[in-house]
Amino acid sequence: MRVFPILPIWLMTIICILLIFGVVKSYHEKKKIGKTTIINIAIIILLFIINLRIMIPSNKSLVAANNLDIIFVIDNSISMVADDYQSKTRLEGVKENCNYIIKDLNGARFSIITFDNNSKLIIPFTVDTSMATESIAIIKSKAEYRASGSSLNAPKTNLETVLKNSKEKEDRIRIIFFITDGENTLEEQPLESYDELAEYVDGGAVLGFGSLEGSTMYVGEEGTWGEYVMANFGQEKAISKLDESNLKKLASDLGIDYIHVEKEKDIQNKIKELKILANSSFQNSDKSTYDDIYYIFVIPLLLLLLFHFKDYKGVYK
């Protein structure tokens, strides 16, 4: 069983506590537990359960499969909240394009690595596209007070490990999408060569997000706190700019293309190219997929709301 909350659990917990507080207050005023009180509490519990979006494993099924191993290497440093991707943050653009790739190359195995000044393997290879898209959705950049710059060298070790794991499987085609604005802000760590990994890479692209003129960044994990990241001891707004020299060097080292992404269509030709490489088939899934069961709880919720409405209708007659 897995849960994919619609609202964050902490937020829904606060909402439900406030609702229960209102019900308890009403109970104290009436000095007794009535039918309405019980119905109200049941409604709140059901709302909390529905919000969890509980999912259970389904039976194995026939699924599309291909021989692509796709690795997303995603920059989630604070510069990725600069808002120069179609009036949205770079990170929002990254998520949109990753979801597009996952949807269009369904049947591949996906792995996700994130990095700022450090690197983290978010998920190893999986054919579960729901897990891949959910993992992409929860990627955030660090808040300014926790940020320590970005290093394009950070994901190298994790990337090498994932590539070598894929190499152990026969007939797998290894594809990298290295996604960043190219900024390497840790001056003591100049960009290292990635050319020793090229032998493990069969295709993909370095995807550059950002603009040459650059943009400002809001403070916060999603770039939404309303205050700008400042530079020069708070004298001016910090500007993050696309560094194409680093991006092109990465692409050259890995033996893949460099694409400056300003809209989703910029990667369409690359997707078509990868589809030609893929050897697709249908096979029995060796992993359970997951089905939503929230609708099971919606039925009693509607019935309770109906009874609740009748009670109040009777009061106001």
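Atom set for the values below is all heavy atoms of this structure, side chains included, hydrogens, waters and symmetry mates excluded.
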Could you tell me the separation between the CG atom of Leu121 and the OG1 atom of Thr114, rounded to the nearest 0.5 Å?
8.5 Å
Keeping the roles fixed (side chain from Asp266, backbone from Val261), state whether a donor-acceptor pair exists under 3.5 Å.
no
Grouping I, L, V, M, F, W and Y whenever their side-chain heavy atoms are under 4.5 Å apart, do Ile43 and Tyr295 come out in a common cluster?
yes
Rounded to the nearest 0.5 Å, what separates atom CD1 in Ile71 from atom CG in Asn165?
9.5 Å
Heavy-atom closest pair (Asn66 atom, Ala278 atom, distance to 0.1 Å) is CB-CB, 4.0 Å
So which atom in Ser166 and which in Arg172 form the shortest heavy-atom distance, rounded to 0.1 Å?
OG-CB, 3.9 Å
Interatomic distance, Ile239 atom CD1 to Glu213 atom CD [nearest 0.5 angstrom]
10.0 Å
For the pair Ser252 (side chain) and Lys248 (backbone), establish whether a donor and an acceptor sit closer than 3.5 Å, ignoring hydrogens and angles.
no
Checking Asp69 side chain against Arg174 main chain: does a donor-acceptor pair fall under 3.5 Å?
no
Run the side-chain contact (heavy atoms from CB on, under 4.5 Å) test on Ile74 and Cys98 for me, step by step, so that the C-alpha distance in whole Å, both residues' side-chain angles and the decisive distance to 0.1 Å come before the verdict.
CA-CA 10 Å; Ile74 300 174; Cys98 286; 4.0 Å; yes
Hey, mind stepping through Gln86 and Glu262 against side-chain contact (heavy atoms from CB on, under 4.5 Å) and telling me if it holds?
CA-CA 7 Å; Gln86 300 180 4; Glu262 297 179 285; over 6 Å; no
Just by distance, do the side chain of Asn184 and the backbone of Leu152 share a donor-acceptor pair under 3.5 Å?
yes
Pair Lys249, Ser193 - check side-chain contact (heavy atoms from CB on, under 4.5 Å), show working.
CA-CA 8 Å; Lys249 184 179 186 305; Ser193 175; 4.1 Å; yes
Ignoring hydrogens and geometry beyond distance, is a side-chain donor-acceptor pair present between Glu160 and Tyr200 at under 3.5 Å?
no
Roughly how far, to the nearest 0.5 Å, is NZ of Lys164 from CD of Glu168?
10.0 Å
Can you tell me how far apart CD1 (Ile176) and CG (Asp202) are? Round to the nearest 0.5 Å.
9.5 Å
4.5 Å side-chain heavy-atom contact, Phe177 and Val73:
no
Once you round to the nearest 0.5 Å, how far does CG of Leu254 lie from CG of Leu163?
8.5 Å
Looking at every heavy atom in both Ile259 and Ala205, which two are closest together, and how far apart are they?
CD1-CB, 3.9 Å
Please check if Leu19 and Ile6 belong to a single hydrophobic cluster, counting links between Ile, Leu, Val, Met, Phe, Trp and Tyr side chain heavy atoms closer than 4.5 Å.
no
Smallest heavy-atom separation, Ser119 atom then Ile113 atom, equals OG-CG2, 3.3 Å
Over all atoms of both residues, closest heavy-atom pair of Ser135 and Ile123:
OG-CG2, 3.6 Å
Could you walk me through whether Lys156 and Glu192 satisfy the salt bridge (Lys or Arg N to Asp or Glu O under 4.0 Å) test, starting with their C-alpha distance in whole Å, then the side-chain angles of each, then the deciding distance to 0.1 Å, before giving a yes or no?
CA-CA 9 Å; Lys156 188 175 179 181; Glu192 298 173 1; 3.7 Å; yes
Shared hydrophobic cluster for Leu304 and Leu302 (ILVMFWY, side-chain gaps under 4.5 Å):
yes
Centroid separation under 6.0 Å, is that true for the rings of Phe115 and Phe178?
yes
Work out which heavy atom in Ser245 is nearest to a heavy atom in Asp243; give both atom names and the distance.
OG-OD1, 2.5 Å
Heavy-atom side-chain contact between Leu207 and Ile267 under 4.5 Å
yes
Does a donor on one side chain sit under 3.5 Å from an acceptor on the other, for Asp83 and Ser215?
yes
salt_bridge(Glu199, Lys167) N-O dist < 4.0 Å
no
Quick one, His260 and Phe209 - any side-chain contact, counting heavy atoms below 4.5 Å?
no
Is the terminal nitrogen or CZ of Arg109 (NZ for Lys, CZ for Arg) located under 6.0 angstrom from the six-membered ring centre of Phe125 and within 45° of that ring's axis?
yes
Is it possible for you to say whether Leu303 and Ile45 belong to one hydrophobic cluster, with membership spreading through side-chain heavy-atom contacts below 4.5 Å?
no
Within the structure provided, determine whether Pro5 and Met12 are in side-chain contact (heavy-atom separation under 4.5 Å).
no
Under the side-chain hydrogen bond (donor to acceptor under 3.5 Å, both in side chains) criterion, do Thr126 and Asp128 qualify, and how do the steps go?
CA-CA 5 Å; Thr126 179; Asp128 188 340; 5.1 Å; no
Side chains of Ile299 and Ile296: does their closest heavy-atom pair fall under 4.5 Å?
no
Is a donor from one side chain sitting under 3.5 angstrom from an acceptor on the other, for Asp181 and Tyr85?
no
With a 4.5 Å cut-off on side-chain heavy atoms, are Thr89 and Val94 touching?
no
Considering residues at least two apart in sequence or located in another chain, which fulfil the salt bridge (Lys or Arg N to Asp or Glu O under 4.0 Å) criterion with Asp257?
Lys270
Are the side chain of Lys95 and the backbone of Ala137 linked by a donor-acceptor contact shorter than 3.5 Å?
yes
Strictly distance-based, threshold 3.5 Å: is any side-chain N or O of Asp104 a donor or acceptor partner for the main-chain N or O of Ile101?
no
Ser240 and Glu183: CA distance, side-chain angles, deciding distance, side-chain contact (heavy atoms from CB on, under 4.5 Å) verdict
CA-CA 8 Å; Ser240 172; Glu183 286 195 321; 2.9 Å; yes
Taking side chain as C-beta onward, heavy atoms only, is Ile175 less than 4.5 Å from Leu105?
no
In sequence, state the C-alpha distance, the side-chain angles, and the governing distance for Glu134 and Arg53, and then conclude on salt bridge (Lys or Arg N to Asp or Glu O under 4.0 Å).
CA-CA 13 Å; Glu134 291 291 342; Arg53 196 183 162 201; 3.7 Å; yes
Using the rule that two of Ile, Leu, Val, Met, Phe, Trp, Tyr join whenever any of their side-chain heavy atoms come within less than 4.5 Å, decide whether Leu11 and Phe21 are in one cluster.
no
Verify whether one side chain among Ser77 and Asp75 offers a donor that lies under 3.5 Å from an acceptor in the other.
yes
With heavy-atom distances below 4.5 Å as the criterion, would you say the side chains of Val127 and Phe110 are in contact?
no
Per side-chain contact (heavy atoms from CB on, under 4.5 Å), Phe48 is matched among Asn51, Leu46, Leu52 by Leu52
Donor-acceptor pair, side chain of Asn76 and main chain of Ser141, under 3.5 angstrom:
no
